[in-house]
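Here the structure is laid out as C-alpha cells; the discussion comes afterwards.
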2 protein chains.
Amino acid sequence: MNEQEAATLFGALSNDDRLRVIRALVRAGPAGLAAGEIAEAIGASPSRASFHLSTLSEAGFVHAERQARSLRYRVDFDRIGALMRFLLEECCAGHPDLRSCCGS
Amino acid sequence: MNEQEAATLFGALSNDDRLRVIRALVRAGPAGLAAGEIAEAIGASPSRASFHLSTLSEAGFVHAERQARSLRYRVDFDRIGALMRFLLEECCAGHPDLRSCCGS
DNA sequence: CTGACATTTCAAGAGGAATTGAATTGTGAA
DNA sequence: TTCACAATTCAATTCCTCTTGAAATGTCAG
C-alpha cells in the first residue's frame, strides 16, 4: 500500500452514502445484504446505490456474490484494517499518540 | 462525528499530496515544518502546497502557527485518531475483526 | 419462450476539486 | 521607508465525481 493507493481508498470512504452502506453491511453481519436492501437502507435509488457499491467494490471494501436474482454484498474487514494500518503505522510511523485510537 | 463530517474528513485524506504532507509532518515531530519546507518535501509548488495545507487545516488534521516570516505546521494526532475511532467504533460497531488494526 | 424482477450500465448535465501562474498579503532586515 | 522573502489568494482552466432516468443485462418462474 502506497500513498497513491491509500488516497484512492480514502476517496472511497469520502462519501456519506458509502459510509452508510458500510455501516448497514456491518450491522447485517456475515449474512450480508442484497443490493436492493442496501439501496433501501440508505435511501437511495437502485442506480445510485449501485454506483456507490461499485466504488466500494473497486476499493475492495465490499465483495458481491450472486444469490438467485440478487447480488449479496458483504463488508471486507481486512481491507478496512489494512487502510487503517497504513495511516497509523506506515504513514504515521506508529506514533504513540495514535496508539489509543482503538480504545485498547 | 456523523457520516457527513466523517466523509468530509476522509475526503481530506483522499489525495496523495496530502498524505505525503501528513507523513512529512509526522516525521518532523513536535518541531513541525514551515510551509515552504513542506512544499519542497512533497515536490509541489508553494501555491499547490498551500492549497492542500488549507484543506488539511480545515479538516483539523494540521494546525499552523506563525514563526517569523514562516508558517509552521504541525499534525494533530487527536483529530486523526477521532476519525479512526469513528470508522472503527461508531461506524463499524467495534467489530472484533477490526480490533487488530493497530497491531496491538 | 415469455414475462417479471434485480441490478447494473450508460449518457448527459451539474457541481466540486485540483493545477497553474500571477497578484496580493504579511513579516522582518537594512 | 524600501526591499526581499514566505506564504496565501485569486482567476481560469481542466478534470473528476455525483446524480438522474432510461436502456441493457442477467436470472428465474410459469
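Note that this is a predicted model, so its numbers are computed, not measured.
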Rounded to the nearest angstrom, tell me the gap between atom [atom1] in [X] and atom [atom2] in [N].
{"X": "B/E58", "N": "D/dT8", "atom1": "CD", "atom2": "C1'", "answer": "13 Å"}
{"X": "A/I42", "N": "D/dT19", "atom1": "CD1", "atom2": "C1'", "answer": "13 Å"}
{"X": "B/E40", "N": "D/dA7", "atom1": "CD", "atom2": "C1'", "answer": "15 Å"}
{"X": "B/R66", "N": "D/dC5", "atom1": "CZ", "atom2": "P", "answer": "16 Å"}
{"X": "A/L53", "N": "C/dT7", "atom1": "CG", "atom2": "P", "answer": "10 Å"}
{"X": "A/R72", "N": "C/dT7", "atom1": "CZ", "atom2": "P", "answer": "9 Å"}

Notebook entry, point to check: Ion pair present between B/E3 and A/R18, side-chain N to carboxylate O less than 4.0 angstrom?
Noted result: no

Next item on the list: May I ask you to decide whether B/R79 forms a salt bridge with B/E5, counting only side-chain N to carboxylate O separations under 4.0 Å?
Entry: yes

Notebook entry, point to check: Do you see a donor-acceptor pair shorter than 3.5 Å between the side chains of A/H63 and A/R74?
Noted result: no

Checklist line | Strand-adjacent residues in residues 2-35 of chain B, judged by heavy atoms under 4.0 Å from DNA chain D | finding: B/A34, B/A35

Next item on the list: Tell me which of A/R69 and A/S45 sits closer to the 5' end of DNA chain D, going by the nucleotide each one is nearest to.
Entry: A/S45

Next item on the list: Please check the phosphate of C/dT8 (OP1 and OP2 only) for any side-chain N or O of A/Y73 closer than 4.0 Å.
Entry: yes

Next item on the list: Could you tell me whether the phosphate oxygens of C/dT19, OP1 or OP2, come under 4.0 Å of any side-chain nitrogen or oxygen in B/H52?
Entry: yes

Reported [atom1]-to-[atom2] distance for the pair [X] and [Y], which is rounded to 0.5 angstrom:
{"X": "A/D16", "Y": "B/N2", "atom1": "CG", "atom2": "CG", "value": "8.5 Å"}
{"X": "B/I38", "Y": "B/Y73", "atom1": "CD1", "atom2": "OH", "value": "7.0 Å"}
{"X": "B/L87", "Y": "A/L87", "atom1": "CG", "atom2": "CG", "value": "11.0 Å"}
{"X": "B/L53", "Y": "B/F61", "atom1": "CG", "atom2": "CZ", "value": "13.5 Å"}
{"X": "A/L56", "Y": "A/D17", "atom1": "CG", "atom2": "CG", "value": "10.0 Å"}

What are the atom names and distances for every N/O pair under 3.5 Å that joins the protein to nucleotides 9-11 of chain C?
{"residue": "C/dT9", "atom": "O4", "partner": "A/S47", "partner atom": "OG", "Å": "3.4"}

Note to self: Under the side-chain contact (heavy atoms from CB on, under 4.5 Å) test against B/V62, which residue among B/L33, B/D76, B/L25 passes?
What the structure shows: B/L25

